[in-house]
**Q** 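Questions regarding the structure given below will be posed in turn.
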Amino acid sequence: MEHWIKTKNNTKLNLSDIPSLSISDLRCSIIEQNKRPIGFFGKDWGNGETRLFVVLADDDNGDLLVSSALFSADEKSYESITQDIPSFHIFEREFYEQFGIKPLNHPWLKPVRKNQNEYEFFDMKGEEVHQVAVGPIHAGVIEPGHFRFMCNGENVYHLEIMLGYQHRGVEDLMLKRPSNQLAESICGDSVIAYNTAYSQVMETLRGIEISDKAKLIRKAALEMERAAIQIGDMGAIAGDIAYSMGAAVFGVTRTLIINTMLEWSGSRFGRGLINVGGVNFDISEDEITSTLKTLDKVGKDVDRMTQTMLKNSTVMSRLEKTGTVSFERAKEIGLVGMAAKASGVDLDSRFDFPDKWMHELGFEKKYFKGVGDVNSRFKLRYKEIKESLSMIRKILNKLKEYKNEPILTSTDNELAKDAFVISITEGWRGEVVHIAMTDSEGRLSKYKIKDPSFNNWYGLALAVRNNGVSDFPLCNKSFNLSYSGNDL
Amino acid sequence: MFDTLKSRIYQGQQFIKDIPNAPMRSQFRGFPILDSTKCEKPEQYANVCPTGALNFEPLSIDMGKCTFCGACKNLCKDGAIEFSNYYKLASTSREKLVITEGMTPEEYEKTAIEVKKEITSVFSRSLKLRQVSAAGCNGCEMELNACSNANFDMGRFGIDFVASPRHADGIVITGPISDNMAYALENCYNSVPNPKIVILCGACAISGGVFQDSTELNREFLEKYPIDLYIPGCPIHPLTFINAILGYIKK
């Protein structure tokens with residue numbers, strides 16, 4: 001029996017085709033493959049049995065590998081994979097928390113979302129050693145999470161991040177009453193990415209092909225979201241180093257983009273734009289013209305402010321060599337998306353798992369030579385904004401050719417039975433992975449979400465090591481990870 | 001430095017001068033306008049609402065639950081349900097958030113916010129708020145941050161977000177309040193010195209929104225303590241928020 005079955009992004013798989021191995025065989029095979037995990041989750045298989053599903057990404061070939069293992073009711077432990085491949089650490093912790101099956105010799109088996117009262121922080125002893133506890137409520141208007149710094153004087157030895165405050169049981173709610181509105185509210189700063197991933201899962205399960213026009217509008221909206229957030233983040237980084245001019249200018253520049261989104265969809269973050277079956281709003285010719293004009297201004301303003309900032313030596317001294325995550329570390333702990341790219345890891349699911357438009361519109365992956373510090377993450381944002389703006393321009397010009405196409409396709413089909421679908425969308429933070437399973441009656445039986453932050457929070461913990469504790473806000477902002485996307 | 005100065009001059013002034021009368025783009029989905037005579041059987045759209053905000057007999061929309069997604073409007077093409085671009089949606093009473101047929105935004109605005117003398121006398125010149133995100137998705141949080149940017153510039157009215165509850169005159173809650181945040185929220189509220197106000201921001205905070213069926217929530221806080229102001233939206237628009245507060249403290 002083959003150990004893995006190969007599939008693609010947004011492709012339906014029959015549940016019965018997924019190999020079911022013993023956990024020791026699966027473990028060996030995972031280590032042999034040595035690929036990036038994007039899904040590692042259990043499902044209650046009846047009679048006290050638990051089935052563990054594993055999805056690995058083969059980024060070089062654009063393939064996804066799926067396999068599974070069945071745990072009988074009295075099998076309550078296995079040898080952890082994290083010992084051999086560290087990037088599995090958070091996945092195994094989550095699996096343990098949800099199903100009580102213990103990965104033996106896991107170096108870091110702490111709660112992910114629950115049991116915060118039982119969380120045992122690492123302890124450090126010494127004369128000048130002290131701990132700084134921050135949160136769950138932070139000084140600014142942001143989501144809750146607890147940070148515990150182990151410091152020697154001003155220097156951070158290690159940061160422990162305890163999350164779970166945002167846990168709303170999203171994956172269970174998705175089974176009870178799945179809706180586009182719920183998908184949008186999982187992580188409110190990645191509305192388009194989440195809603196696209198959800199809609200693609202549902203469309204694949206229902207066997208619907210949406211119109212080219214709808215696809216293009218979704219794509220344009222995704223890049224708009226990326227540009228808007230990246231501009232806002234550049235402003236926030238400027239704010240954190242007390243360069244208020246940058247904070248103000250990037251802030252108002254971001255407003256231009258999100259107000260354009262408001263014109264497209266009636267919401268500044270694009271809520272209500274995407275629906276299963278296509279999109280709810282068309283972009284008229286006039287709107288295309290005015291958007292293109294806005295984008296020109298945005299591009300010019302971002303260029304101008306970024307150049308001014310990067311010429312300023314006091315700005316550079318705060319950004320350079322602060323919060324560094326090396327290429328090797330980033331690879332080892334499995335960073336994804338922006339955080340990975342800034343450390344020079346070449347990952348971008350838009351290009352690794354492309355649809356036909358990436359080729360047709362001539363979008364090319366451009367490698368970013370980052371060294372993993374705040375400066376790299378700042379400059380990466382600048383690069384991404386420029387790329388997104390040029391992509392939106394191309395998409396909108398292409399859109400003019402599809403004037404009379406429908407934007408919404410009927411969605412009356414039933415969900416496929418006993419099916420398994422993986423959908424990956426590159427949000428501004430990185431890959432947003434939605435995986436859905438249906439039962440023999442065509443009802444959703446499992447909905448699994450992986451936000452890029454799930455991989456990346458540990459990267460932030462590594463970044464602040466040997467930095468001053470006062471540089472934490474700057475490091476944190478340069479990653480800008482999601483609490484709600486992680487806690488679900 | 002000259003570059004910075006040049007940038008400053010190039011950017012000019014961008015703040016919205018008249019916040020209470022600021023224009024809103026026509027596409028914005030705000031105050032719902034209902035007219036059941038335009039539709040033969042509005043009941044057929046009962047299941048479309050993701051939060052149960054839309055009710056029949058009589059036709060009404062509960063803005064405390066509504067995510068303003070427009071799904072009902074998209075289905076009901078006869079115009080029985082329309083969303084105007086009117087953005088002053090806040091109220092001091094939970095009941096008033098239920099909009100029934102024939103209600104106009106102008107009428108709503110007259111009675112929605114009940115001004116209290118003791119509030120205006122204490123807070124009308126300065127109101128410092130502590131924001132607590134209790135499982136908020138970062139949508140309302142980003143919009144609250146936007147309230148302080150160079151466009152909306154809420155600080156000019158003496159309204160600011162502060163870092164410590166000890167410095168605050170009240171708290172602003174976003175999100176459906178997860179069980180894991182319930183303790184921290186109550187703790188924060190108790191740390192705010194008296195007199196203090198509580199403001200609920202967004203559909204999640206007011207009613208649980210799309211998360212109302214979740215088993216991981218703990219909304220006891222809302223039963224224990226009085227709520228002063230309800231600000232609907234998903235997420236709230238900065239103009240909705242600032243005008244709600246200005247109306248409440250009667251600036």
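The chains referred to below are lettered A, B, ... by the order of the sequence lines, with proteins before strands, and numbering in each begins at 1. Just so we're clear, the structure is a prediction, and the values are computed from it rather than from any experiment.
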**Q** Check each atom of A/I186 against the heavy atoms of chain B and say whether the ones under 4.5 Å are side chain, backbone, both or neither.
**A** backbone
**Q** Would you mind checking which part of A/R168 comes under 4.5 Å of any heavy atom in chain B, side chain (CB onward), backbone (N, CA, C, O), both or neither?
**A** both
**Q** Answer yes or no: is there a donor N or O on one side and an acceptor on the other, between the side chain of B/N180 and the main chain of A/R113, under 3.5 Å?
**A** yes
**Q** Under 4.5 Å from any heavy atom of chain B, what part of A/L163 do you find: side chain, backbone, both or neither?
**A** neither
**Q** Quick check: do B/T51 and A/Q181 have side-chain heavy atoms less than 4.5 Å from each other?
**A** no
**Q** Under 4.5 Å heavy-atom distance to chain A, tell me which part of B/D153 shows up: side chain, backbone, both or neither.
**A** neither
**Q** When you compare the side chain of A/S267 with that of B/F68, does any pair of heavy atoms fall below 4.5 Å?
**A** no
**Q** CZ of A/R268 to NE2 of B/H237: how many Å apart, nearest 0.5 Å?
**A** 4.5 Å
**Q** Mind ranking A/R177, A/E263, A/H167 by heavy-atom pairs under 4.5 Å with chain B and telling me who comes out on top?
**A** A/E263
**Q** Tell me the closest heavy-atom pair linking B/G139 and A/F269, and the distance in Å.
**A** O-CE1, 3.5 Å
**Q** Return the minimal non-hydrogen interatomic distance between A/M305 and B/S7, and the atom names on each side.
**A** SD-OG, 4.3 Å
**Q** Select one option (side chain, backbone, both, neither) describing which atoms of B/T4 are under 4.5 Å from chain A's heavy atoms.
**A** both
**Q** Give, as side chain, backbone, both or neither, the part of B/V162 having an atom under 4.5 angstrom from any heavy atom of chain A.
**A** backbone
**Q** Quick check on B/R130 against chain A: is it the side chain, the backbone, both or neither that has a heavy atom closer than 4.5 Å?
**A** side chain
**Q** Taking B/D3, B/V132, B/N85, B/N138 one by one, which has the highest count of heavy-atom pairs under 4.5 Å against chain A?
**A** B/N138
**Q** Among B/R29, B/Q11, B/Q131, B/E141, which residue has the highest count of heavy-atom pairs closer than 4.5 Å to chain A?
**A** B/R29
**Q** Contact part of B/C234 toward chain A, heavy-atom cut-off under 4.5 Å: side chain, backbone, both or neither?
**A** both
**Q** Can you tell which part of B/C147 gets under 4.5 Å to a heavy atom of chain A, answering side chain, backbone, both or neither?
**A** neither
**Q** If you count heavy-atom pairs under 4.5 Å between each of A/G169, A/P144, A/S179, A/S484 and chain B, which one has the most?
**A** A/P144
**Q** Under 4.5 Å from any heavy atom of chain B, what part of A/Y483 do you find: side chain, backbone, both or neither?
**A** neither
**Q** Would you check if A/D189 and B/M142 make a side-chain contact, meaning some heavy-atom pair closer than 4.5 Å?
**A** yes
**Q** In terms of heavy-atom proximity below 4.5 Å to chain A, should B/A182 be classed as side chain, backbone, both, or neither?
**A** neither
**Q** Side chain from CB out, backbone as N, CA, C, O: work out which of these in A/L262 comes under 4.5 Å of a heavy atom of chain B, or both, or neither.
**A** both
**Q** Under a 4.5 Å cutoff for heavy-atom pairs, which residue among B/A146, B/G136, B/A184 has the most contacts with chain A?
**A** B/G136
**Q** Among A/T253, A/I258, A/N259, A/N275, which residue has the highest count of heavy-atom pairs closer than 4.5 Å to chain B?
**A** A/N259
**Q** Do you know which of B/F83, B/Y10, B/F161 has the most heavy-atom pairs with chain A at a distance under 4.5 angstrom?
**A** B/Y10
**Q** When you look at OH of B/Y183, are more than 12 heavy atoms from neighbouring residues, nucleotides or ligands closer to it than 6.0 Å?
**A** no
**Q** With a 4.5 angstrom heavy-atom cut-off, could you sort out which part of A/F250 is near chain B: side chain, backbone, both or neither?
**A** neither
**Q** At a heavy-atom separation under 4.5 Å, does A/L173 approach chain B through its side chain, its backbone, both, or neither?
**A** side chain
**Q** Which bit of A/V170 comes within less than 4.5 Å of chain B, counting heavy atoms only: side chain, backbone, both or neither?
**A** side chain
**Q** Which atoms of A/S185 come close to chain B, meaning under 4.5 Å heavy atom to heavy atom: side chain ones, backbone ones, both, or neither?
**A** both
**Q** Heavy-atom cut-off 4.5 Å, strictly under: side chain, backbone, both or neither for B/F152 against chain A?
**A** side chain
**Q** Does any part of the side chain of B/S214, heavy atoms only, come nearer than 4.5 Å to the side chain of A/K176, both counted from C-beta?
**A** no
**Q** Checking heavy atoms, do the side chain of B/F211, its backbone, both or neither come under 4.5 Å from chain A?
**A** both
**Q** Identify which part of A/S265 has an atom lying under 4.5 Å from any heavy atom of chain B, answering side chain, backbone, both or neither.
**A** backbone
**Q** Between A/T255 and B/N151, is the side chain to side chain donor-acceptor pair (under 3.5 Å) condition met? List the steps.
**A** CA-CA 8 Å; A/T255 308; B/N151 298 118; 2.7 Å; yes
**Q** Checking heavy atoms, do the side chain of A/R271, its backbone, both or neither come under 4.5 Å from chain B?
**A** both
**Q** Under 4.5 Å from any heavy atom of chain A, what part of B/P50 do you find: side chain, backbone, both or neither?
**A** both
**Q** Name the region of B/D213, side chain, backbone, both or neither, that has any atom closer than 4.5 Å to a heavy atom of chain A.
**A** both
**Q** Counting heavy-atom pairs under 4.5 Å to chain B, which of A/D172, A/V191, A/D301 comes out on top?
**A** A/D301
**Q** With a 4.5 angstrom heavy-atom cut-off, could you sort out which part of A/D487 is near chain B: side chain, backbone, both or neither?
**A** neither
**Q** Given that the side chain runs from C-beta out, which part of B/P235 has a heavy atom under 4.5 Å from chain A: side chain, backbone, both or neither?
**A** both
